[in-house]
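Below is one structure, written out as structure tokens, with a few remarks after it.
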Amino acid sequence: MKIIYIGVLRNVQPDPIELCCERELSSYSRFTRGSIQEFTTMFSKLLTGRTQPGNRLEVLEKDFKFHIYASDRFPGITGVIISDDDYQTRPAQSVLSKLIDEFMTKNPSAASANGPIPFPALRDYITQYQDPENADKLGKMQRELDETTAILHKTIDTVLQRGEKLDDLVQKSEGLSSQSKMFYTSAKKQNSCCIIM
């Protein structure tokens, strides 16, 4: 999973303005980086111009996934992330919401800007959110819950596989009265010999 581009644009027709952006192109050769920079800017502007306020889009083009959020809170301001195809939608959209809020808080006049606006925090965004788990706390908690559930099922399965050994332990246990041992034995017999007529 990799973010290639992250930016904030102003949706001005006919040509949206790229207010700030960062790219992570270290995995591309020096010969192709210029073309990829042009590609990311062109498609970011194109998609910004076609996204209505309040809408979130995901567009696939070859090996790239475009995540777009046109803010309804800040009309005319759109956030764009271009990533590889493996980057999930929910973390990308979470990052875009956070990015637009922070950008507009620090640059309230951006809604009328006609050129680039310095925003050094954007470098931190593209670095920190290369791992989507940093953006998607809810998804991370769900994965942790799923892992805990899997461990719990594994533990129960392990105990059930040892059913015969449990019988031996019950019979050898000094902590159980003879009445408890008899109850365990009769309950086991009752549960194992049901016949439906």
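In what follows, residues are counted from 1 in the order of the sequence shown.
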Which atom of Thr78 lies closest to which atom of Ile100, heavy atoms considered: C-CD1, 4.0 Å
Reported CG-to-CG distance for the pair Leu46 and Asp15, which is rounded to 0.5 angstrom: 10.5 Å
Pair Arg33-Ser26, side-chain donor/acceptor within less than 3.5 Å: no
Value rounded to 0.5 Å, distance of CE in Met42 from NZ in Lys45: 11.0 Å
Parallel, tilted or perpendicular, as decided by the 30° and 60° cut-offs, for the rings of Tyr87 and His67: perpendicular
salt_bridge(Lys98, Glu102) N-O dist < 4.0 Å: no
Point-to-point distance, once rounded to the nearest 0.5 Å, from CG of Asp72 to CZ of Arg56: 8.5 Å
Main-chain N/O of Thr40 paired with Ser44 side-chain donor or acceptor, under 3.5 Å: yes
Ile68 and Leu96: CA distance, side-chain angles, deciding distance, side chain to side chain contact (heavy atoms under 4.5 Å, CB included) verdict: CA-CA 8 Å; Ile68 301 100; Leu96 289 174; 5.8 Å; no
Ion pair check, Glu18 and Arg23, cut-off under 4.0 Å: yes
Side chain to side chain, Val8 and Ile77, heavy atoms closer than 4.5 Å: yes
pair Leu25-Ile4: side-chain heavy atoms closer than 4.5 Å: yes
Spacing of Ser83 atom OG and Phe66 atom CZ [to the nearest 0.5 Å]: 9.0 Å
Smallest separation among heavy atoms of Pro53 and Ser71, with atom names: CB-O, 3.9 Å
Shared hydrophobic cluster, Ile126 / Leu19 (ILVMFWY, side-chain heavy atoms < 4.5 Å): yes
Main-chain N/O of Ala113 paired with Arg10 side-chain donor or acceptor, under 3.5 Å: yes
Worked verdict on Arg73 versus Asp101 for salt bridge (Lys or Arg N to Asp or Glu O under 4.0 Å): CA-CA 9 Å; Arg73 189 166 161 220; Asp101 286 347; 2.9 Å; yes
Common cluster, Phe103/Ile3, ILVMFWY with side-chain heavy-atom separation under 4.5 Å: yes
Close side-chain approach of Met104 to Ser109, heavy-atom, < 4.5 Å: no
Point-to-point distance, once rounded to the nearest 0.5 Å, from CD1 of Ile117 to CG of Leu122: 12.0 Å
ring-ring contact (aromatic ring centres under 6.0 Å, His included) pairs, two or more places apart, involving residues 11-30: none
Short N-O contact, Glu24 and Lys2, less than 4.0 angstrom: yes
Asp63 CG: over 12 foreign heavy atoms closer than 6.0 Å: no
Ring centre gap for Phe64 and Phe39 strictly below 6.0 Å: yes
Interatomic spacing from CZ in Phe43 to CD in Glu61 - rounded to 0.5 Å: 5.0 Å
Parallel, tilted or perpendicular: rings of Tyr125 and Phe119 (30°, 60°): tilted
Intermediate values then yes/no, side chain to side chain contact (heavy atoms under 4.5 Å, CB included), Leu99 and Ile6: CA-CA 9 Å; Leu99 168 63; Ile6 187 168; 3.8 Å; yes
Non-hydrogen atoms of Pro118 and Pro120 that approach each other most closely: C-CD, 3.8 Å
Derivation and outcome, side chain to side chain contact (heavy atoms under 4.5 Å, CB included), residues Ile81 and Tyr129: CA-CA 11 Å; Ile81 288 178; Tyr129 297 118; over 6 Å; no
Sole residue of Thr51, Leu47, Thr48 in side chain to side chain contact (heavy atoms under 4.5 Å, CB included) with Leu9: Thr48
